[in-house]
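Presented below is the structure to which this report refers.
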Amino acid sequence: MNKFILGLVAIATLGLTSCTADDEGSGPTGTGAPIVTAPDTYVFNRNGNTTVSFSGQTTRILMAEEIIAAIKNTSKTEVELDAMFAHVEGANDFSNTDLNASGKSVRSKTAASTDYFSTNTTTANVIKADFDTYIADQVNDVFPNWGVTATAGNAGNLQEAGGGSTRYINGKGLELNQAFNKGLIGALMVDQMLNNYLGTAVLDAGDNRANNDADILDVDKNYTTMEHKWDEAYGYLYGNENNPAVPALGADNFLSKYLSRVENDTDFSGIAMDIYNAFKLGRAAIVAKNYEVRDAQAQIIREKVSEIIGIRAVYYLQQGKNNLATDTAAAFHDLSEGYGFIYSLQFTRKPGTNQPYFTKSEVDGFITTLMAGNGFWDATPGMLDTMSDTISAEFSFTTNEAGS
């Protein structure tokens with residue numbers, strides 16, 4: 001058990017309704033804003049029944065899990081993988097019949113946030129097309145060369161030193177399944193969380209604030225629309241947990257897994273609790289009708305979740321650099337994961353702004369550098385250090401902290 005889980009267990013033993021250090025004052029003098037007290041765990045009830053719901057987020061996480069597994073299955077066709085990505089209700093795309101019956105899809109929510117893409121559909125479509133291309137290139141280039149030893153410019157496989165894992169790469173050394181997986185963390189989970197559900201354009205849309213003030217619930221539901229939107233943001237991180245109210249982390253291969261990895265790095269210990277506490281306090285603020293506290297917590301989540309992406313981008317660049325001279329397959333695997341996290345940087349969010357830490361143009365520049373010539377086959381320690389330092393400089397950590 002990591003320190004985050006141990007901390008949650010200790011908190012939970014105090015009782016679900018006791019006050020914690022998350023208590024927030026009444027705001028600026030004279031505002032009369034209600035005091036907000038967060039519960040010890042993410043439990044919110046009305047009339048004895050839960051008001052927390054994020055089933056749609058759980059569905060998309062489960063769909064994405066099956067997709068990233070299928071991308072490594074050489075029996076799959078491009079048509080089949082495309083259908084999984086852009087699932088249509090009732091289609092037999094997944095092993096899980098509940099997923100097949102769902103009208104939701106992963107592709108529809110990729111690069112689809114209100115704040116970043118509602119008026120920028122051209123860019124959204126370009127990003128969706130990138131994921132389509134990862135699928136197409138995997139099927140048409142990597143699958144046919146699955147049993148061939150890769151060389152510069154030619155797809156195939158490479159085995160890690162000492163009889164380690166076999167990696168399947170394109171001609172530039174990129175594992176397309178890793179690009180898809182890690183890129184989706186940003187394009188789906190981070191974008192929907194930071195730039196959609198935690199944004200005032202969604203939280204306060206239409207009559208949401210007036211209805212929340214009056215405790216007017218969604219049709220036949222036990223929650224207000226505003227409560228539900230906040231919970232949907234929560235679901236993109238904790239939606240696959242056995243007990244989402246007391247998350248253990250590492251519950252999926254997306255944001256949950258990499259928050260756990262960052263939390264277990266002593267340089268960043270405490271980030272998991274910072275995010276969890278902000279989610280709890282922000283949700284409690286919605287119940288208390290204190291929107292200033294709500295918005296302050298959204299900014300904390302934006303900063304900390306964005307840090308996860310930046311930290312892991314630098315980590316994998318540095319790990320790849322360290323393996324370049326001794327284990328090509330391991331180096332290319334690390335750099336492939338780094339590629340995906342770099343791609344995800346364009347979906348991060350600087351607190352207090354409507355901007356990512358790195359624009360799409362800047363991210364495209366990183367990708368172009370990584371893929372120039374023969375791609376990872378041509379990578380140098382100096383190039384990887386420069387890129388790492390450029391990314392670290394935009395955050396509050398150093399390359400050394402993130403890369404170790």
Any chance the side chains of [X] and [Y] put a donor and an acceptor closer than 3.5 Å?
{"X": "N211", "Y": "T224", "answer": "no"}
{"X": "N222", "Y": "T51", "answer": "no"}
{"X": "S75", "Y": "N73", "answer": "yes"}
{"X": "Y291", "Y": "N212", "answer": "yes"}
{"X": "D327", "Y": "N323", "answer": "no"}
{"X": "D231", "Y": "S53", "answer": "no"}
{"X": "S392", "Y": "T399", "answer": "yes"}
{"X": "Q318", "Y": "D385", "answer": "yes"}
{"X": "E337", "Y": "Y258", "answer": "yes"}

Sub-3.5 Å donor-acceptor pair from the side chain of [X] to the main-chain atoms of [Y], do we have one?
{"X": "K280", "Y": "P39", "result": "yes"}
{"X": "R349", "Y": "R302", "result": "no"}
{"X": "N290", "Y": "P34", "result": "yes"}
{"X": "N177", "Y": "I71", "result": "no"}
{"X": "D378", "Y": "N374", "result": "yes"}
{"X": "N208", "Y": "T225", "result": "no"}

Considering residues at least two apart in sequence or located in another chain, which fulfil the ring-ring contact (aromatic ring centres under 6.0 Å, His included) criterion with Y42?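 Partners of Y42 by the ring-ring contact (aromatic ring centres under 6.0 Å, His included) criterion, ordered by chain and then number, come out as F44, Y234.
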Salt-bridge present (D204, R209; N to O < 4.0 Å):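 Judged by the 4.0 Å cut-off on N to carboxylate O distance, D204 and R209 do form a salt bridge.
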Close aromatic pair by centroid cut-off 6.0 Å: F131 and Y343: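 Yes, the ring centres sit under 6.0 Å apart.
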Do Y116 and F347 have ring centroids that are under 6.0 Å from one another?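 No, ring centres 6.0 Å or more apart.
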Atom CG in L281, atom CD1 in I286: separation rounded to 0.5 Å? 10.5 Å
Using 0.5 Å steps for rounding, measure from the CG atom of D191 to the OH atom of Y197. 11.0 Å
Under the criterion side-chain contact (heavy atoms from CB on, under 4.5 Å), I'd like the reasoning laid out for Y236 against F254: C-alpha separation, chi angles, the key distance, then a yes or no. CA-CA 9 Å; Y236 272 115; F254 301 101; over 6 Å; no
Evaluate the side-chain proximity of I271 to L259: yes if any heavy-atom separation is below 4.5 Å, no if none is. yes
Contact between L384 and L370 at the side-chain level, heavy atoms closer than 4.5 Å - yes or no? yes
Scanning both residues in full, the closest heavy-atom pair of D267 with S404 reads OD2-OG, 3.8 Å
Over all heavy atoms of both residues, which pair between W230 and G282 is shortest? Give the atoms and the distance, please.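 Smallest interatomic distance, heavy atoms only, reads CZ2-CA, 3.5 Å.
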If you look only at distance, which donor and acceptor atoms sit under 3.5 Å apart when one is on a side chain in residues 86-93 and the other is two or more places apart or in another chain?
from: H87; atom 1: ND1; to: D93; atom 2: OD2; distance (Å): 2.7
from: H87; atom 1: NE2; to: L99; atom 2: O; distance (Å): 3.2
from: H87; atom 1: NE2; to: N100; atom 2: O; distance (Å): 3.1
from: H87; atom 1: NE2; to: S102; atom 2: O; distance (Å): 3.0
from: N92; atom 1: OD1; to: N100; atom 2: ND2; distance (Å): 3.0

